[in-house]
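These notes concern the structure reproduced below.
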Amino acid sequence: MAAPVDKVDLQARRRAAKIIHEKFKGVLKDVLSGKPPRLIIPKRTLANTRFDPEKGILVMGEDVIERELLNMGEARRFMQTLLMASIIYQALIENEYPTIRDLYYRGKHTIVYRDLKGRLREENTWDEQSESDAVIRDVEVFTGLLREDMLILSKEKGKVVGRMKIRSGGDVIDLSKMGHGAYAIESTPDLIEFLEVDAEFVLVVEKDAVFQQLHRAKFWDKYKAILVTGAGQPDRATRRFVRRLNEELGLPIYILTDSDPYGWYIYSVFKVGSIQLSYESERLATPKARFLGVSMTDIFGYRSKKPYLSERERRNFIIKAKDVDIRRAKELMKYSWFQTPKWRRELRIFLQRKAKLEIEALASKGLRFLAEKYIPEKIETGDWTE
Amino acid sequence: MPRRRRDTATAKAVVAEAPPRGRRQRSKETYREISVAEFFAKNRELAGFSNPTRALYQTVRELVENALDATDTHSILPVISIRIAYDEELEAKYGNPKKWFRITVEDNGIGVPPTVIANAFGRVLFSSKYVIRQTRGMYGLGVKAAVLYGQMTAGRPVEVVSSMQESDYVYLRRLYIDVSKNEPKIVEKGQWRKKGRWHGTRVTITLEGDWPRARSRIIEYIKRTAVIAPYAEIYFETPDGEIYVFPRLTSKMPAPPKEAKPHPHGIDLDQMKMLIKRSNARTLLQLLSNELQSVGTIMARKFLEEIGLDPNLDPKKLDNDSLVKLVDSMKSYKFRAPKSDHLSPIGEELIKIGLKRMFKPEWVDALTRPPRAYQGHSFIVEVGIAYGGGIEARNEPLLLRYANKIPLLYEEREDVTYKVVSGINWKIYRVDFPAPLVVLVHIASTKIPYKGVGKESISEVPEIESEIRIAVQHVARKLRVYLGKKAREAEARRKIITISKYIPEIARSLAILSKPPTKWNPPSEKDEKILVDALVRLVSRNVEVPKVPGLDHSDPEKIVRSVIENIKLE
Ligand SMILES: Nc1ncnc2c1ncn2[C@@H]1O[C@H](COP(=O)(O)OP(=O)(O)OP(=O)(O)O)[C@@H](O)[C@H]1O
Ligand SMILES: [Mg+2]
């Protein structure tokens, strides 16, 4: 593909390619000097995931696995890792943007060999995409490069609108001029250049529908904001984008989800990273993100704080928590980033009341209530949970 | 079958005439004595002749065993021919085709003295094998049971043609057994001058049989005989004209068994009385040290003193109480174990030869245990195990049971050998069923503790059971070593392939990765080749290279290359 490539893109490519090339030099040297080659890869397991309180994110521990060519059980994965790395490497050099599905197809072919009786046998380099996806993750942890860094595309899910201009692929895009639509956060968020920013904070909403409602109400215009949604569980690009907004522009990040353990977990993914894929956190997590609501104290009030819902509304809107919710909440309580006094209070009230609330319940009080009272008031009074 | 029909008719008549139950009077009980011939004629299933199938099988067996006893027991390399043929004459007479058989077995053995032929083949419980010696025959019944069955079903006499080694004549006898008197009734006699130097015996018995059903067992029996006697030459012709030939594989034969004196542990009161009667020992001391095995003068004196009997007593004057005391104390006294030089085990060598021929296994081994004794009878257990190769995988070991070189085919599950072998945890020995495993167990003894006179299964004598177990375990341990080695080799083979097959792919990937990102140009074939060569060298030097038939092991690189050679990458 010989598409005209802009400077940011080229820089990213060169950087990633160089790192890959350097990383595999060791293997090359071993092979040429007759030393059994091995890849030393940080372990991507739950047991090797820990919370770094200083950085405020999940990080990988010290455990590594050694993947040796001369080990029967590892030879195949060794081959796969090199194969995947070479495909990504070549794509970077040749200015391509493969998707993970492309990588799967490019690498998938049949290895023909002979057994010791001389019979021809066959084996695929990989069979399912899940297999090649796992190899991509290996390449990521081995090189320390995320797939976004290696310009691998995945499905776009996140959206953004707001008072800001960006440059992407050479085009300048005004995020305040998207009509009823929104800008889809691209899979290579690092290639986005922030141009003019006229916003004071970022509001990340869990639900796409709420995003659309707030967008049409021009919430972001009125309150000088950037509005983002991950549409449920946020993808990597959205998380990286949010992180950059916070890190590079210094914008505070407020997260708005349902008032239930699932919503809290989405907040947790934005803030510290996903527990399964801690190796990405270093680049994807936003440790300074704040949970705006909906909080338990918004529903029930606390001491001097008055609840946003009346007795009657509570009766109508509250959903009884299920056993899985209770279990999830108890699980969250164990994580250290849910150990702050405010979070402890949230979880305690939840376990006492066994009550959940969807954000749509607030919207049903009138969109204006949500957009013009609830959100601004909470931000102004500092009523978030961290 | 006319005879059987008559049987049923009489049986019915008896039932019809029987008076109502309870009214029969005890005083009408009649008493009479029957001859031993009549007993076996009436209870032929005891000797293994329960139906036409078994009868055909059992007849072959009795004749073959006598033939082998007449040869290898006397250091003659056996040449045995067996022929089963349809008897067309009887077919023509009775109709009923394929039901009448003539079984002829000929051997090159010592022959039977002409004066003895009639009794040997016509008098039940007449035998030359009532001595303490390891022979196949032991009861003096076998061939007579077959003769009886033949005359009762086909109505034909047995025909015997025999000549002894040193004799100038060949003798013919055709005879029936007079059942009520247990006597031979000769119907034809003949004798000729020998032209050549032939010696041996040819026996022909005509009887009713069921070839289709007996076929597989008979063939199996003969095959198994060939396994245990690879020094024999065996011909077998079936009624359908198939011919099986088992050529002699070796002229090594087990040493012939010798006759032994009784051992003190195995003697009972009656035997002791007989011994005293026959012996010309003047003192108890002489009696014990001369007539018994494993008892020397010193031992005999010590023993007699210990039990308080005067060593100088005349044995003929012993009173009954002292006799009982003598025999009883002997049973528990620590004499030396029975001698075993009169036993004739087959030997590890021959067992292996026999198993190899019959099964073409990939592995075989055998063990002959040292002699042991039970109840005063010495015995030796031998075990052979064959694995893999031509052996069919089964869910259980294929068990070949032998007693005094006789293959045992029926009543497998009642046999002590089955009990032991099926109780072994083969997993320990790396055998996972279904597996191609043959276990041969031979028990040689001056007295085999058969469960019945049909000689099909052996009783659970603890001493024998434990010897079998020890022997099987011993050989099985060697099998485990072999299978372990084989597994390791297979593992090495798997490993070399598992790793080598990825070489081209890795070389190609590495060639790409090795090109610096700036000044990029795609790797050439030469780049890849350098890496392939390096990887081949690396793998062949660092991974154990297995032995591969047909490949040069001195060059491990060749083996690695053979996996990836001449294959184009996709
Ligand atoms: N083929 C033969 N050659 C030489 N002698 C034979 C032959 N067949 C039978 N005899 C003699 O006839 C005798 C009787 O044989 P028979 O089979 O009835 O009894 P056995 O072999 O002694 O004992 P068993 O009942 O256990 O078979 C034998 O002991 C043997 O002396
Ligand atoms: Mg016999």
**Item:** Contact leader toward chain A among B:L513, B:I503, B:L538, B:L510, where contacts are heavy-atom pairs under 4.5 Å
**Value:** B:L513
**Interatomic distance, B:I499 atom CD1 to A:M72 atom CE [nearest 0.5 angstrom]** = 7.5 Å
**Prompt:** side chain to side chain donor-acceptor pair (under 3.5 Å) with B:E220: which residues, sequence neighbours excluded?
**Reply:** B:R224
**Message:** Give the interface residues of residues 123-145 of chain A toward chain B, defined by a heavy-atom separation under 4.5 Å.
**Reply:** A:E123, A:T125
**Asked** Closest approach of A:L32 and B:A534, non-hydrogen atoms and distance?
**Response** CD2-CB, 4.3 Å
**Item:** Selection from B:I530, B:V543, B:L531, B:D533 maximising heavy-atom pairs under 4.5 Å formed with chain A
**Value:** B:L531
**Heavy-atom donor-acceptor pair, B:R537 side chain to A:G34 backbone, under 3.5 Å** = no
**Item:** Spacing of B:Y502 atom OH and A:L69 atom CG [to the nearest 0.5 Å]
**Value:** 10.5 Å
**Prompt:** Contact part of A:L70 toward chain B, heavy-atom cut-off under 4.5 Å: side chain, backbone, both or neither?
**Reply:** both
**Item:** Contacting moiety of B:I496, where chain A heavy atoms sit under 4.5 Å
**Value:** side chain
**Request:** Give a yes or no on whether A:E66 atom CD has more than 12 heavy-atom contacts from other residues, nucleotides or ligands under 6.0 Å away.
**Result:** yes
**Prompt:** Are the side chains of B:R508 and A:S86 in touch, meaning some heavy atoms are under 4.5 Å apart?
**Reply:** no
**Item:** Contact origin within A:K35 toward chain B - heavy atom pairs under 4.5 Å
**Value:** backbone
**Asked** Just how far is it from atom OG of B:S562 to atom OH of A:Y113, taken to the nearest 0.5 Å?
**Response** 12.5 Å
**Item:** Contact class of B:I497 relative to chain A, heavy atoms under 4.5 angstrom
**Value:** side chain
**Request:** For the residue pair B:I506 and A:V27, establish whether any side-chain heavy-atom pair is separated by less than 4.5 Å.
**Result:** no
**Item:** Any donor-acceptor pair under 3.5 Å from A:Y89 side chain to B:K515 backbone
**Value:** yes
**Message:** What's the separation between atom NE2 in A:H21 and atom OG1 in B:T518, rounded to the nearest 0.5 Å?
**Reply:** 7.5 Å
**Asked** Is A:I111 close to B:E505 at the side-chain level, that is, under 4.5 Å between some pair of heavy atoms?
**Response** yes
**Proximity breakdown for A:R76 and chain B, heavy-atom pairs closer than 4.5 Å** = both
**Message:** Does B:E242, at its CD atom, have more than 12 non-hydrogen atoms belonging to other residues, nucleotides or ligands within less than 6.0 Å?
**Reply:** yes
**Prompt:** Crowded around A:E248 CD? As in, over 12 foreign heavy atoms under 6.0 Å?
**Reply:** yes
**Asked** To the nearest 0.5 Å, how far apart are OG in B:S514 and NZ in A:K29?
**Response** 14.5 Å
**Message:** Please determine whether the number of non-hydrogen atoms from other residues, nucleotides or ligands lying under 6.0 Å from atom CZ of B:R541 exceeds 12.
**Reply:** no
**Request:** Could you check which of B:S500, B:A507, B:P516 has the highest count of heavy-atom pairs closer than 4.5 Å to chain A?
**Result:** B:P516
**Message:** Within this structure, what is the CD-CD1 distance for the pair A:Q90 and B:I512, rounded to the nearest 0.5 Å?
**Reply:** 4.5 Å
